[in-house]
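Lettering follows sequence order; numbering is per chain, from 1.
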2 protein chains.
Amino acid sequence: MENAMSEAYQGLLEIDRIIHEPARLLLVTILSAVQEADFLYLLTTTGLTKGNLSSHLTRLEQAEYLVQEKSFVGKTPRTVCRLTPAGQAALASYRQQMGAVIGE
Amino acid sequence: MENAMSEAYQGLLEIDRIIHEPARLLLVTILSAVQEADFLYLLTTTGLTKGNLSSHLTRLEQAEYLVQEKSFVGKTPRTVCRLTPAGQAALASYRQQMGAVIGE
DNA sequence: TATACCGGTTTGCAACACAAACCAGTTTGT
DNA sequence: ACAAACTGGTTTGTGTTGCAAACCGGTATA
């Protein structure tokens, strides 16, 4: 039983760090709920600074967990973000792993 | 509902980083199950390197989440670790917060 | 007397989360 | 018309920290 335990929990050491970071977990959790959100919406709902938000979005984009689509609304720029299937899968997997550790 | 959501999840940004770190979450999870464990037991069950294990234990000790009691068994040193009440409380609180986010 | 092990700790470094400074463009004030 | 302030972000600088490797005092082995 102790062996079973340690094997079940050791997965923690390989958990997805991209998602595990609290700010990004917050972002992907929000995005998984609303499908689509722009920079300013994420800025106010998360309370992150602009710099932080920008860099976390970039990191998630590099991981191909989300896409940022840049456009103009009238004359002001607008960035809208959406999770990719890979991002949704990564979040689902993370939830499952963490659920096993903290939960039941 | 979106407001309720964002408020519920924003706590993520203040989550306890001491516990949140995977290696330490693994350690406190194990310790919460077995009450007491020595360095070598933790070394083999976690698969951490000695250096890593040592520094994470030190960090948890500084946070007063665990105590390390050093003694000698015959002529070889032995370090046994046990969670403090504060440590148990911190883990319980962490589980609750993360459970709320990942949805159990 | 080396040599290798034991039970750890300390050191060195690359990664990174964060905030502050910055930037191109637009609107507002005078 | 010109400057100042605002908008929607990005880039830069820095302190922290997670990690592995080197190290350390002691003990058993050859």
Side-chain angles (χ1 to χ4, degrees), chain A residues 9-31 36-63 65-82 94, chain B residues 9-31 36-63 65-82 94:
Chain A
Y9 297 162
Q10 272 213 10
L12 264 177
L13 300 181
E14 283 119 44
I15 204 153
D16 186 341
R17 297 272 186 163
I18 300 288
I19 301 261
H20 190 60
E21 170 61 29
R24 288 190 296 263
L25 177 54
L26 178 56
L27 287 171
V28 296
T29 299
I30 291 172
L31 284 172
E36 196 172 288
D38 63 21
F39 190 94
L40 292 178
Y41 175 82
L42 293 173
L43 188 66
T44 58
T45 57
T46 60
L48 292 166
T49 62
K50 292 186 294 179
N52 248 261
L53 177 55
S54 176
S55 55
H56 283 305
L57 289 178
T58 302
R59 204 122 163 50
L60 287 167
E61 189 178 34
Q62 285 168 347
Y65 285 177
L66 65 75
V67 288
Q68 301 187 64
E69 276 164 18
K70 293 176 183 285
S71 59
F72 278 85
V73 175
K75 292 182 173 177
T76 74
R78 181 176 195 236
T79 305
V80 29
C81 305
R82 192 179 324 114
Y94 178 85
Chain B
Y9 296 164
Q10 273 214 12
L12 263 178
L13 299 181
E14 283 120 45
I15 203 153
D16 185 343
R17 298 271 186 163
I18 301 288
I19 301 261
H20 190 60
E21 171 61 28
R24 287 189 297 261
L25 178 55
L26 178 56
L27 287 171
V28 296
T29 299
I30 291 173
L31 284 172
E36 196 173 290
D38 62 22
F39 190 94
L40 293 178
Y41 175 82
L42 293 173
L43 187 67
T44 58
T45 58
T46 61
L48 291 167
T49 62
K50 291 185 297 179
N52 249 264
L53 177 55
S54 175
S55 55
H56 283 304
L57 289 177
T58 302
R59 205 122 163 49
L60 288 167
E61 188 178 36
Q62 284 166 349
Y65 286 176
L66 66 75
V67 288
Q68 300 188 64
E69 276 164 19
K70 292 173 184 285
S71 59
F72 277 87
V73 175
K75 293 181 172 176
T76 75
R78 181 176 196 236
T79 304
V80 28
C81 305
R82 192 178 322 114
Y94 178 85

For A:Phe72, does its backbone N or O pair with a side-chain atom of A:Thr76 as donor and acceptor, under 3.5 Å?
-> no
Enumerate the residue pairs fulfilling salt bridge (charged side-chain N to carboxylate O under 4.0 Å, His left out) with a member in residues 68-82 of chain A, sequence neighbours excluded, ordered by first and then second residue.
-> A:Glu36-A:Arg82, A:Asp38-A:Arg78, A:Glu69-A:Arg82
Report the distance from atom CZ of B:Phe39 to atom P of C:dC6, rounded to the nearest whole Å.
-> 14 Å
Separation of A:Leu57 atom CG from D:dT10 atom C1', in whole Å?
-> 12 Å
Between D:dT17 atom P and B:Arg24 atom CZ, what is the distance in whole Å?
-> 8 Å
B:Ser54 side chain vs B:Gly51 backbone, donor-acceptor pair below 3.5 Å | no
Which word best sums up how the rings of A:His20 and A:Tyr94 line up, parallel for under 30°, tilted for 30 to 60°, or perpendicular for over 60°?
-> tilted
What is the distance from atom SG of B:Cys81 to atom CG of B:Leu42, rounded to the nearest 0.5 Å?
-> 5.5 Å
Compare every heavy atom of A:Gln68 with every heavy atom of A:Thr79, then report the nearest pair and how far apart it is.
-> CG2-OE1, 3.4 Å
Scan residues 71-82 of chain B against DNA chain C and write down, sorted by residue number, each residue with any heavy atom closer than 4.0 Å; if none is found, say none.
-> B:Pro77, B:Arg78, B:Thr79
When every non-hydrogen atom of A:Arg17 is compared with those of B:Pro22, the smallest separation belongs to NH1-CD, 3.8 Å
Measure the distance from CG on B:Asp38 to P on C:dC6 and round it to the nearest whole Å.
-> 14 Å
What protein N or O atoms touch nucleotides 18-22 of chain C N or O atoms at under 3.5 angstrom, if any, and at what distances?
residue	atom	partner	partner atom	Å
C:dC18	OP1	B:Arg17	NH2	2.8
C:dC18	OP2	A:Asn52	OD1	3.1
C:dC18	OP2	A:His56	NE2	3.0
C:dA19	N7	A:Asn52	ND2	3.4

With sugar-phosphate meaning primed atoms plus P, OP1 and OP2, does B:Leu40 contact a base, only sugar-phosphate, or nothing at under 4.0 Å between heavy atoms?
-> sugar-phosphate
Comparing A:Arg59 and B:Ser54 on DNA chain C - which has the more 5′ nearest nucleotide | B:Ser54
When the distance from CD of A:Gln68 to P of D:dG8 is rounded to whole Å, what number comes out?
-> 15 Å
Within this structure, what is the CG-to-C1' distance between B:Leu26 and D:dC19, rounded to whole angstrom?
-> 15 Å
A:Glu69 CD to D:dG9 C1': how many Å, rounded?
-> 17 Å
Is B:Arg24 reaching over with its side chain to a backbone N or O of B:Ile19, donor-acceptor style, under 3.5 angstrom?
-> no
Over how many whole Å does the gap from B:Lys70 atom NZ to D:dG25 atom C1' extend?
-> 13 Å
Side chain to side chain contact (heavy atoms under 4.5 Å, CB included) evaluation trace for B:Leu66 with B:Val28 = CA-CA 9 Å; B:Leu66 66 75; B:Val28 296; 5.5 Å; no
